[in-house]
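Notes follow once the structure below has been shown.
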Amino acid sequence: MSDRTFRIGPIRPPSEANSLLIQVTNGCTWNKCKFCQLYRHTKFKAYTADSIRADIDNIAYWAERVRKYERKGVSAFAWDIEGINAELSNMTNTDEQQCMYTVANWLVGGGENVFLQDGNSTALSSGRLTEVLVYLRQIFPQIKRITSYGRAENLSRSTAEDFAELKAAGLDRIHSGFETGSDAVLKRINKGVTQEQQIRAGKAIKDGGIELSIYFMPGVGGKDLSAENAEGTAEVINAVNPDFVRVRTAAIKPGTELYQDWQDGRFELCGDDDKVREIRRVIELADAGLDTYLVSDHMINLLQSAEGYMSPAGDRERMLGLIDRYLGMPEADRRVFQLLRRTLRAYDLDDMERLGTAERETLRAEVMKENELGWSVRMNGYICRYV
């Protein structure tokens, strides 16, 4: 590895698409969730503060290289993109090329947000993480937001005072994959955490002044635990009042333990309608005092436009109306919409109206040919069930 490269991990939330990615840990401390195989063959490692500072120094080096292409005095986001691309294309070290590209993409996009990777970055000792946060903001004072993933079980061991210290050092938001608030579902997917720990962690984060973004997986409990999945999640949301709840529709991938459970008959997949009903139930149970925003920012979600503030005073009725509009459609039309979403031909229900009569009838006949429920494997290799 070149002295001018820095580590970049494999994942980040969609909301961090324009963020600078800095890897402070490698892998996941738990690594046993039945639905996930991302880090299954990766041993967890927390990098030293010196190592992370060296990465930040290398990022600063590339930032200086990129800033010579900034057209100052023209506008806030005026850059010589052709010049940047020319320099990138002339580079022979592909690792350095990737690092410069990453920094250039960040600066051209505003250079304001940073995301700390990997799957459980807050597992870094609080003192080490504080040191990294302070140094990062010293080197890049223009940063407006620093975000990290955090595992609820680890987070539940910290106090509001611990999180307030991280906030003062520069950590603004934590993403945490709660997935569900039901203890029965948490046990089924081997999440290694309890509802009580989720609530304790969530309250401490909020009390410490850090924004909290949690993830909810409709359908991850299977058919028999569908109601528990929704209602347990609503209990956690109402207790914690997170800033964001991000919908990540459950789908199983070959190679995971959950896929094996399905093949062996121990897990019955929910259909799209079941998952939509779970989302509806969570919204329906939202307390009046919540200021939580439901986010549907992933392509695997069926109704991506069903997002907004969950409280009755917010967007609850609009979201429920959209969901009820879908559920009120004839089964053939629901299946057609599912097919269009899974093949990326539709974004929302209004796109159905753009189908010609002949095309719609052809699609209706296609999706209703069999009495058995159909399967789709078209979403990045994940298995999704029709109605």
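This structure is a prediction, so every number in the text was calculated from the model and none was measured. Reckoned from all heavy atoms, side chains included, excluding hydrogens, waters and symmetry mates.
Side chain to side chain, D273 and Y326 meet the donor-acceptor criterion of an N or O pair below 3.5 Å. At a cut-off of 3.5 Å, with distance as the only test, a side-chain donor of N301 or T249 sits close to an acceptor on the other residue. Residues Q263 and Y259 bring a donor and an acceptor atom of their side chains to less than 3.5 Å of each other. Side-chain contact check for Y135 and D57: at least one donor-acceptor pair (N or O, by modelled atom type) lies under 3.5 Å. Under the 3.5 Å distance criterion, with hydrogens and angles disregarded, a donor-acceptor pair is assigned to the side chains of Q98 and T102. In this structure, a donor-acceptor pair under 3.5 Å is absent between the side chains of N113 and E16. One side chain, N229 or T180, offers a donor N or O that lies under 3.5 Å from an acceptor on the other. Side chains of T256 and Q37: a donor-acceptor N/O pair is absent below 3.5 angstrom, by distance only.
Separation of atoms CG (L116) and CG (L21) is listed at 9.5 Å; rounding is to 0.5 Å. For the atom pair CD1 (I8) and CG (L20), the distance works out to 8.0 Å, reported to the nearest 0.5 Å. In this structure, I139 CD1 and R53 CZ are separated by 10.0 Å, a value rounded to the nearest 0.5 Å. Separation of atoms CD1 (I199) and CD (E235) is listed at 7.5 Å; rounding is to 0.5 Å. Separating the CG atom in L327 from the CG atom in L320 is a distance of 10.5 Å, to the nearest 0.5 Å. Atom CE of M100 sits about 4.5 Å away from atom CG of L88, to the nearest 0.5 Å.
The backbone N or O of V247 lies less than 3.5 Å from no partner atom in the side chain of S296, so there is not a single donor-acceptor pair. With hydrogens and angles ignored, the 3.5 Å screen pairs no side-chain donor or acceptor of K206 with any backbone N or O of L212. Using modelled atom types, one side-chain atom of S156 and one backbone atom of E153 make a donor-acceptor pair closer than 3.5 Å. Using modelled atom types, no side-chain atom of E278 and backbone atom of P218 make a donor-acceptor pair closer than 3.5 Å. Judged by distance alone, with hydrogens and angles left aside, the side-chain atoms of N238 form a donor-acceptor pair with the main-chain N or O of L285 at under 3.5 Å. Remark: side-chain polar atoms of N154 are not paired, donor with acceptor, to backbone N or O of A123 under 3.5 angstrom. Judged by distance alone, with hydrogens and angles left aside, the side-chain atoms of R65 form no donor-acceptor pair with the main-chain N or O of Y61 at under 3.5 Å. Between the side chain of R173 and the backbone N or O of T147, no donor-acceptor pair lies under 3.5 Å. Checking side-chain atoms of Q195 against main-chain N and O of S182 turns up no donor-acceptor pair under 3.5 Å.
Of all the heavy atoms in N58 and T5, the pair that sits closest is ND2-O, 2.9 Å. Closest approach of K191 to C33, counting heavy atoms only: CD-SG, 3.5 Å. Between S305 and D348, the shortest heavy-atom distance links the atoms OG-CB, 3.8 Å. Minimum heavy-atom separation, A251 to I300: CB-CD1, 3.7 Å. Across all non-hydrogen atoms, the minimal contact from Q198 to A152 is CG-CB, 4.2 Å. Considering every non-hydrogen atom in both D118 and G27, the closest pair reads OD2-N, 3.2 Å.
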Verdict with supporting geometry, E64 and K68, salt bridge (Lys or Arg N to Asp or Glu O under 4.0 Å): CA-CA 7 Å; E64 286 305 306; K68 69 183 181 182; over 6 Å; no
Assess the residue pair D324 and R280 against the criterion (salt bridge (Lys or Arg N to Asp or Glu O under 4.0 Å)); give the C-alpha distance rounded to whole Å, side-chain angles, the decisive distance to 0.1 Å, and a yes or no. CA-CA 9 Å; D324 289 342; R280 190 191 193 287; 2.7 Å; yes
Starting from the C-alpha separation in whole Å, work towards a yes-or-no answer on side chain to side chain donor-acceptor pair (under 3.5 Å) for N241 and T292. CA-CA 6 Å; N241 190 18; T292 300; 3.0 Å; yes
Salt bridge (Lys or Arg N to Asp or Glu O under 4.0 Å) between R325 and D350: does it pass, once the steps are laid out? CA-CA 11 Å; R325 176 185 168 191; D350 290 339; 3.0 Å; yes
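In the hydrophobic clustering of ILVMFWY residues, with side-chain heavy atoms under 4.5 Å counting as a link, I237 and Y293 come out apart. If you chain together hydrophobic residues whose side chains sit under 4.5 Å apart, I81 and W62 fall into the same group. The cluster map of Ile, Leu, Val, Met, Phe, Trp and Tyr, joined by side-chain heavy atoms under 4.5 Å apart, puts I279 and F244 in different clusters. Residue F178 is grouped with residue L290 when hydrophobic side chains (ILVMFWY) are merged at heavy-atom distances under 4.5 angstrom, including chains of intermediate members. No path of Ile, Leu, Val, Met, Phe, Trp and Tyr side chains, each step under 4.5 Å between heavy atoms, connects L186 with V220, placing them in separate hydrophobic clusters.
Atom NZ of K34 has more than 12 heavy atoms from other residues, nucleotides or ligands within 6.0 Å. The local environment of OH in Y309 is sparse, with at most 12 non-hydrogen atoms from other residues, nucleotides or ligands closer than 6.0 Å.
Shown here are the side-chain contact (heavy atoms from CB on, under 4.5 Å) partners of R364, two or more places apart in sequence or in another chain: A332, D333, V336, R360, E361. A search for salt bridge (Lys or Arg N to Asp or Glu O under 4.0 Å) contacts involving E353 returns nothing, not counting sequence neighbours. Every residue meeting the side-chain contact (heavy atoms from CB on, under 4.5 Å) condition with D80, not counting sequence neighbours, appears here in chain and number order: Y69, R71, E82. T362 meets the side-chain contact (heavy atoms from CB on, under 4.5 Å) test with no other residue; sequence neighbours excluded. With sequence neighbours excluded, the residues forming a side-chain contact (heavy atoms from CB on, under 4.5 Å) with A63 are R67, V103, L107, F140, listed by chain and number.
Using a 4.5 Å heavy-atom threshold, the side chains of S121 and F115 count as separate. Here the side chains of R246 and P14 are not in contact, with every heavy-atom distance at 4.5 Å or above. N120 has its side chain out of reach of W30: every pair of non-hydrogen atoms, C-beta onward, lies at least 4.5 Å apart. Looking at heavy atoms from C-beta onward, Y39 lies in side-chain contact with I11 at the 4.5 angstrom threshold. Looking only at side-chain heavy atoms (C-beta outward), V245 and T233 stay at 4.5 Å or farther from each other. Here the side chains of R281 and R277 are not in contact, with every heavy-atom distance at 4.5 Å or above. In this structure the side chain of N190 never reaches within 4.5 angstrom of the side chain of E257, judged on heavy atoms. Residues L344 and M299 meet the side-chain proximity criterion, which asks for heavy atoms closer than 4.5 Å.
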Using atom types as modelled, flag every donor-acceptor pair under 3.5 Å from a side chain in residues 42-49 to any protein atom, sequence neighbours excluded.
residue, atom, partner, partner atom, Å
T48, OG1, S51, N, 3.0

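Using a cut-off of 4.0 Å between Lys/Arg side-chain N and Asp/Glu carboxylate O, R145 and E211 are scored as not salt-bridged.
Here the options are L349, L355, L363, the test is side chain to side chain contact (heavy atoms under 4.5 Å, CB included), and the partner is F337; only L349 passes. Partner D272 forms a salt bridge (Lys or Arg N to Asp or Glu O under 4.0 Å) with one of R342, R341, R335 and no other, that one being R342.
For the pair R248 and Y215, the NZ or CZ position fails the cation-pi test of under 6.0 Å to the six-membered ring centre and within 45 degrees of the ring normal.
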